Amino acid sequence: MENKKDYIVRGTAANGQIRCFAITSRNLVEEARSRHQTSPVITAALGRLLSGGAMMGAMMKGEKDLLTLQIQCSGPVQGLTGDGPLGGITVTADAKGDVKGYVDHPEAMMPPKNGKLDVGGALDLGVLTVIKDIGMKEPYSGQVQLVSGEIAEDLTYYFAASEQTPSSVALGVLMNKNNTVAQAGGYIIQLM
């Protein structure tokens, strides 16, 4: 199981009216956890955004196109005062699905909520910014407030509010007891 590679699958249905992306990203998320020495809740947050960013990067057409996802969740953000211990996350991705990410406070901890990692609590209030550099004079930038901090719901809201694209986003990271990544992945389904 350890040797299986991560990959993204793309698909279309209904004569191109529906498109979908799915990712298995265990190795990516484990590599990020190992390099940044993240706590379990921060591994889940960073892993979700890395997985979502890789799929969103794969949606871009140009070979040199670059996507940046930023979640800012500490200090005053557009009139909000978030106090999530995570601080912020930045992820960049390209059209080939290459992705990298960084989190402000990799050591931050949160008690479980309903028996699960509390990613929403780690983020608290904040803003998601999506920047797409597609070779135009100025990059496209869209920004939405976090609706839950669970990242998948926030990306779903971003697609609806900023790109007017009805979407369903699911992202997940399952941790082992020894703080390594057991599984990670997700999907994005969109009506075009």
Side-chain angles (χ1 to χ4, degrees), residues 2-10 21-74 77 84-108 117 119 122-123 126-136 138-144 146 149-152 154-155 158-159 162-163 169-176 179-188:
E2 294 292 322
N3 295 333
K4 292 194 178 196
K5 292 187 176 191
D6 295 344
Y7 56 91
I8 295 175
V9 176
R10 309 167 202 229
F21 296 80
I23 187 171
T24 177
S25 54
R26 183 218 163 270
N27 295 326
L28 166 68
V29 178
E30 175 58 24
E31 180 74 16
R33 182 210 60 80
S34 176
R35 285 184 184 222
H36 297 286
Q37 293 297 299
T38 49
S39 71
V41 71
I42 303 306
T43 301
L46 179 58
R48 290 177 189 181
L49 199 60
L50 284 166
S51 300
M55 289 186 288
M56 290 174 70
M59 293 176 183
M60 297 188 303
K61 308 251 188 290
E63 198 172 286
K64 294 183 181 181
D65 292 355
L66 190 63
L67 169 81
T68 302
L69 300 172
Q70 293 178 316
I71 294 178
Q72 184 183 357
C73 54
S74 65
V77 180
L86 185 147
I89 310 175
T90 301
V91 165
T92 60
D94 64 21
K96 294 176 281 197
D98 295 326
V99 64
K100 60 185 174 182
Y102 173 80
V103 62
D104 289 350
H105 301 289
E107 75 290 344
L117 296 172
V119 173
L123 289 170
V127 172
L128 167 67
T129 304
V130 178
I131 303 163
K132 294 182 180 181
D133 188 349
I134 55 174
M136 307 291 272
E138 293 291 321
Y140 164 82
S141 180
Q143 194 172 65
V144 295
L146 298 180
E150 294 293 330
I151 300 178
D154 302 307
L155 289 174
Y158 162 78
F159 281 122
S162 288
E163 296 190 7
V169 181
L171 301 165
V173 175
L174 177 64
M175 299 297 293
N176 290 313
N179 191 30
T180 58
V181 178
Q183 288 296 335
Y187 65 79
I188 299 174

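Keep in mind that this is a model prediction, so the values were computed, not measured.
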**Item:** Summary of salt bridge (charged side-chain N to carboxylate O under 4.0 Å, His left out) pairs that have at least one residue in residues 47-72, sequence neighbours excluded
**Value:** R48-E150
**Request:** Might you point out which heavy atoms bring N179 and S39 nearest each other, and give the distance in Å?
**Result:** OD1-C, 4.1 Å
**Request:** Could you give me the CA-CA distance, side-chain angles and deciding distance for M59 and I188, then say whether side-chain contact (heavy atoms from CB on, under 4.5 Å) is met?
**Result:** CA-CA 10 Å; M59 293 176 183; I188 299 174; 3.7 Å; yes
**Request:** Mind listing the closest non-hydrogen atom pair of N27 and D6 along with its distance?
**Result:** N-OD1, 3.1 Å
**Asked** Is a side-chain donor or acceptor of S34 paired with a backbone partner of E30 at a separation under 3.5 angstrom?
**Response** no
**Prompt:** Going from CD on Q72 to OG1 on T90, what distance comes out if it is rounded to the nearest 0.5 angstrom?
**Reply:** 9.0 Å
**Asked** By side chain to side chain contact (heavy atoms under 4.5 Å, CB included), which residues pair with A170, not counting sequence neighbours?
**Response** Y187
**Message:** For L49 and V103: C-alpha separation, side-chain torsions, deciding distance, then whether side-chain contact (heavy atoms from CB on, under 4.5 Å) applies.
**Reply:** CA-CA 10 Å; L49 199 60; V103 62; over 6 Å; no
**Asked** Is it true that atom NZ of K132 has more than 12 heavy atoms of other residues, nucleotides or ligands lying nearer than 6.0 Å?
**Response** yes
**Complete:** Taken in chain and number order and not counting sequence neighbours, the residues that satisfy side chain to side chain donor-acceptor pair (under 3.5 Å) with T129 are Q143
**Request:** With rounding to the nearest 0.5 Å, note down the distance linking CG in D133 to OG in S141.
**Result:** 11.0 Å
**Message:** Return the CD1 to OH distance between I131 and Y140, rounded to the nearest 0.5 Å.
**Reply:** 11.0 Å
**Asked** At what distance, to the nearest 0.5 angstrom, does CZ of R33 lie from CG of L46?
**Response** 11.5 Å
**Fill in**
Taken in chain and number order and not counting sequence neighbours, the residues that satisfy salt bridge (charged side-chain N to carboxylate O under 4.0 Å, His left out) with R35 are E31
**Prompt:** Can you name the closest pair of heavy atoms from L171 and G52 and give their distance?
**Reply:** CD2-N, 3.7 Å
**Asked** Atom CG in L67, atom CD1 in I134: separation rounded to 0.5 Å?
**Response** 11.0 Å
**Request:** Identify the two heavy atoms, one from A108 and one from I42, that lie closest to each other, and give their separation to 0.1 Å.
**Result:** O-CG1, 3.4 Å
**Prompt:** Any side-chain heavy atom of M55 within less than 4.5 Å of one from L155?
**Reply:** no
**Item:** Over 12 foreign heavy atoms within 6.0 Å of OH, Y7
**Value:** no
**Request:** Mind listing the closest non-hydrogen atom pair of C73 and L123 along with its distance?
**Result:** CB-O, 2.9 Å
**Non-hydrogen atoms of M60 and A95 that approach each other most closely** = O-CB, 3.6 Å
**Asked** What pairs with S162 under side chain to side chain donor-acceptor pair (under 3.5 Å), at least two apart in sequence or on another chain?
**Response** none
**Request:** Output the distance between atom CG (L28) and atom CD1 (I23), rounded to the nearest 0.5 Å.
**Result:** 6.5 Å
**Request:** Evaluate the criterion side-chain contact (heavy atoms from CB on, under 4.5 Å) for residue pair Q70 and L128; output intermediate values, then yes/no.
**Result:** CA-CA 6 Å; Q70 293 178 316; L128 167 67; over 6 Å; no
**Counterpart residues, side chain to side chain donor-acceptor pair (under 3.5 Å), relative to T38 (two or more places apart)** = T43
**Message:** Is there a side-chain contact (heavy atoms from CB on, under 4.5 Å) between V119 and V41? Walk through the geometry before answering.
**Reply:** CA-CA 6 Å; V119 173; V41 71; 4.2 Å; yes
**Request:** Keeping the roles fixed (side chain from D154, backbone from G149), state whether a donor-acceptor pair exists under 3.5 Å.
**Result:** yes
